[in-house]
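As a basis for the values below, the full set of heavy atoms in this structure was taken, side chains included, without hydrogen atoms, waters or symmetry mates. For ligands, and for the atoms within them, numbers begin at 1 and follow the listed sequence.
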Amino acid sequence: MNASNTRVLLTGPTGFIGGRLLYALDQEGFRVRCLVRISEELVIKRPLKLEPEVAYADLLEPNTLPQAMEGMDAAYYLVHSMGGRSIAETKAFADRDRKCAKNFLKAAEEAGLKRIIYLGGLGETGDKLSKHLASRQEVANILQSGRIQTTALRAAVIIGAGGASFELIRYLAERLPVMMCPRWIKTRSQPIDVQNVISYLVGCLRQPATAGLTLDVGGPDIITYLAMMRIYARVRGLRRFIFTVPLLTPRLSAYWINLITPVPAGIVFPLVEGLKNEVICRENHIRDLIPIELMSMEEAICTALTETEKGPGHLPSRQACFISAKGTWG
Ligand SMILES: NC(=O)c1ccc[n+]([C@@H]2O[C@H](COP(=O)([O-])OP(=O)(O)OC[C@H]3O[C@@H](n4cnc5c(N)ncnc54)[C@H](OP(=O)(O)O)[C@@H]3O)[C@@H](O)[C@H]2O)c1
């Protein structure tokens with residue numbers, strides 16, 4: 001789509017992915033309208049070329065959506081409902097996410113949008129998917145069931161400052177010199193750098209061949225969570241001893257992680273439950289459609305650490321943190 005004639009509705013602009021995508025779309029010349037919940041405020045952390053429009057609306061309140069959608073050509077769907085302070089608060093996230101997706105699709109169809117781009121999660125339904133990953137797939141199915149050409153990207157852990165999964169890894173590795181971990185620490189995943197994800201999201205809008213497709217996105221490394229912790233510790237120069245304890249259930253480990261890290265219980269529980277599922281790309285078609293240079297896990301961690309220190313958008317120099325020679329991470 002041609003940037004200057006394309007009006008883009010961005011949901012989730014106060015979030016980890018949406019906040020970064022707003023900046024990238026602006027740099028590419030797209031005209032962006034941000035859908036922000038009435039209770040929230042959009043804080044713009046970096047100067048933008050074009051002040052974005054803001055539409056105050058809530059996906060759980062269908063009557064607020066027509067005005068937010070009016071005149072839009074395309075929309076990004078970057079919303080989920082996990083994240084309450086308590087487990088009780090987050091319990092009904094799948095119901096809320098189902099309602100949000102249905103309300104959004106109905107309003108988008110009525111407003112005549114031509115494209116939807118959604119970022120959800122990897123994981124195969126045959127693998128007894130966790131509630132969180134199953135809900136992410138359900139949202140993809142709802143959005144793709146409509147008349148609008150919908151691209152669904154599927155990602156595992158996204159590495160970047162402020163991302164819930166990355167912050168879990170970071171807090172655990174920073175705070176615990178000795179870690180006793182459950183079996184899930186040996187589950188394999190295919191993490192991807194957040195800036196790579198942003199490039200794919202923008203690329204989907206530019207590349208018509210991605211319309212209507214489901215595309216897996218992953219970085220170059222297929223590694224266990226144990227390996228991710230080890231890479232993190234190595235990049236930071238920390239000595240860490242990690243043991244596996246077979247009897248630690250996901251629920252118990254979530255309670256324990258909740259004590260150690262400030263990440264809200266409402267996110268920790270669904271995420272930890274999902275760690276039992278392997279999340280690996282089943283195809284790499286996106287690499288042909290949108291060729292970009294993918295960052296290794298180590299480079300992604302370095303970038304995230306530099307960003308934490310200096311603020312969003314500051315890319316690290318290779319000297320900024322210790323980058324080891326390539327090795328086997330197990
Ligand atoms: N982070 C990762 O590692 C990761 C990995 C794979 C896939 N993803 C996918 O990426 C997408 C974005 O995730 P994220 O990490 O950016 O999440 P996030 O930081 O938690 O942001 C979620 C956004 O959803 C908004 N939202 C929630 N309920 C809403 C509602 N009823 N109406 C309107 N907006 C609502 C929130 O707005 P408020 O500020 O008002 O709460 C927030 O802006 C999700 O689909 C997620 O599954 C993320």
On a heavy-atom basis, I'd like to know which of [options] is closest to [atom].
{"atom": "atom 47 (O) of ligand 1", "options": "H80, R154, R136", "value": "R136"}
{"atom": "atom 24 (O) of ligand 1", "options": "L35, L21, V79, V279", "value": "V79"}
{"atom": "atom 2 (C) of ligand 1", "options": "V194, I158, L122, L78", "value": "I158"}

In terms of hydrophobic clusters joined by side-chain contacts under 4.5 Å, are F16 and I117 together? yes
I169, Y171: one ILVMFWY side-chain cluster at the under-4.5 Å cut-off? yes
Mind checking whether [X] has an N or O less than 3.5 Å away from an N or O of ligand 1?
{"X": "L119", "value": "yes"}
{"X": "G18", "value": "no"}
{"X": "I17", "value": "yes"}
{"X": "Y77", "value": "no"}
{"X": "G15", "value": "yes"}

Scan [options] and name whichever one has a side-chain contact (heavy atoms from CB on, under 4.5 Å) with [X].
{"X": "L25", "options": "I198, V8, L201, L48", "answer": "V8"}
{"X": "C281", "options": "I222, I286, L122", "answer": "L122"}
{"X": "Y200", "options": "L215, L289, T210, I192", "answer": "I192"}

With K131 as the cation and F93 as the aromatic partner, state whether NZ or CZ is under 6.0 Å from the six-membered ring centre and within 45° of the axis. yes
Going by the atom numbers of ligand 1, which of them fall below 4.0 Å from some non-hydrogen atom of [X]?
{"X": "C100", "value": "31 (N)"}
{"X": "S165", "value": "3 (O)"}
{"X": "G12", "value": "23 (C), 43 (O)"}

Considering only non-hydrogen protein atoms, determine which one is nearest to [atom] and report residue, atom name and distance to 0.1 Å.
{"atom": "atom 1 (N) of ligand 1", "answer": "F16 CD2, 3.5 Å"}
{"atom": "atom 33 (C) of ligand 1", "answer": "R37 CG, 3.6 Å"}
{"atom": "atom 6 (C) of ligand 1", "answer": "A156 O, 3.2 Å"}
{"atom": "atom 32 (N) of ligand 1", "answer": "L59 N, 3.0 Å"}
{"atom": "atom 7 (C) of ligand 1", "answer": "G120 O, 3.3 Å"}
{"atom": "atom 39 (O) of ligand 1", "answer": "T14 OG1, 2.5 Å"}

N/O donor-acceptor pair under 3.5 Å between [X] side chain and [Y] backbone:
{"X": "E167", "Y": "A164", "result": "no"}
{"X": "R33", "Y": "E70", "result": "yes"}
{"X": "S135", "Y": "L133", "result": "no"}
{"X": "D221", "Y": "M297", "result": "yes"}

Using the side-chain contact (heavy atoms from CB on, under 4.5 Å) rule, take L9 and D73 through it: C-alpha gap first, then chi angles, then the decisive distance, then the call. CA-CA 8 Å; L9 180 70; D73 301 301; over 6 Å; no
E278 versus S189, side-chain donor and acceptor atoms under 3.5 Å: no
Testing the 3.5 Å rule here: is there a donor-acceptor pair between the side chains of T151 and R115? yes
Quick check on [X] - does any of its heavy atoms sit under 4.0 Å from an atom of ligand 1?
{"X": "G121", "value": "no"}
{"X": "D58", "value": "yes"}
{"X": "G19", "value": "no"}

So which bit of S39 gets within less than 4.0 Å of ligand 1, heavy atoms only: side chain, backbone, both or neither? neither
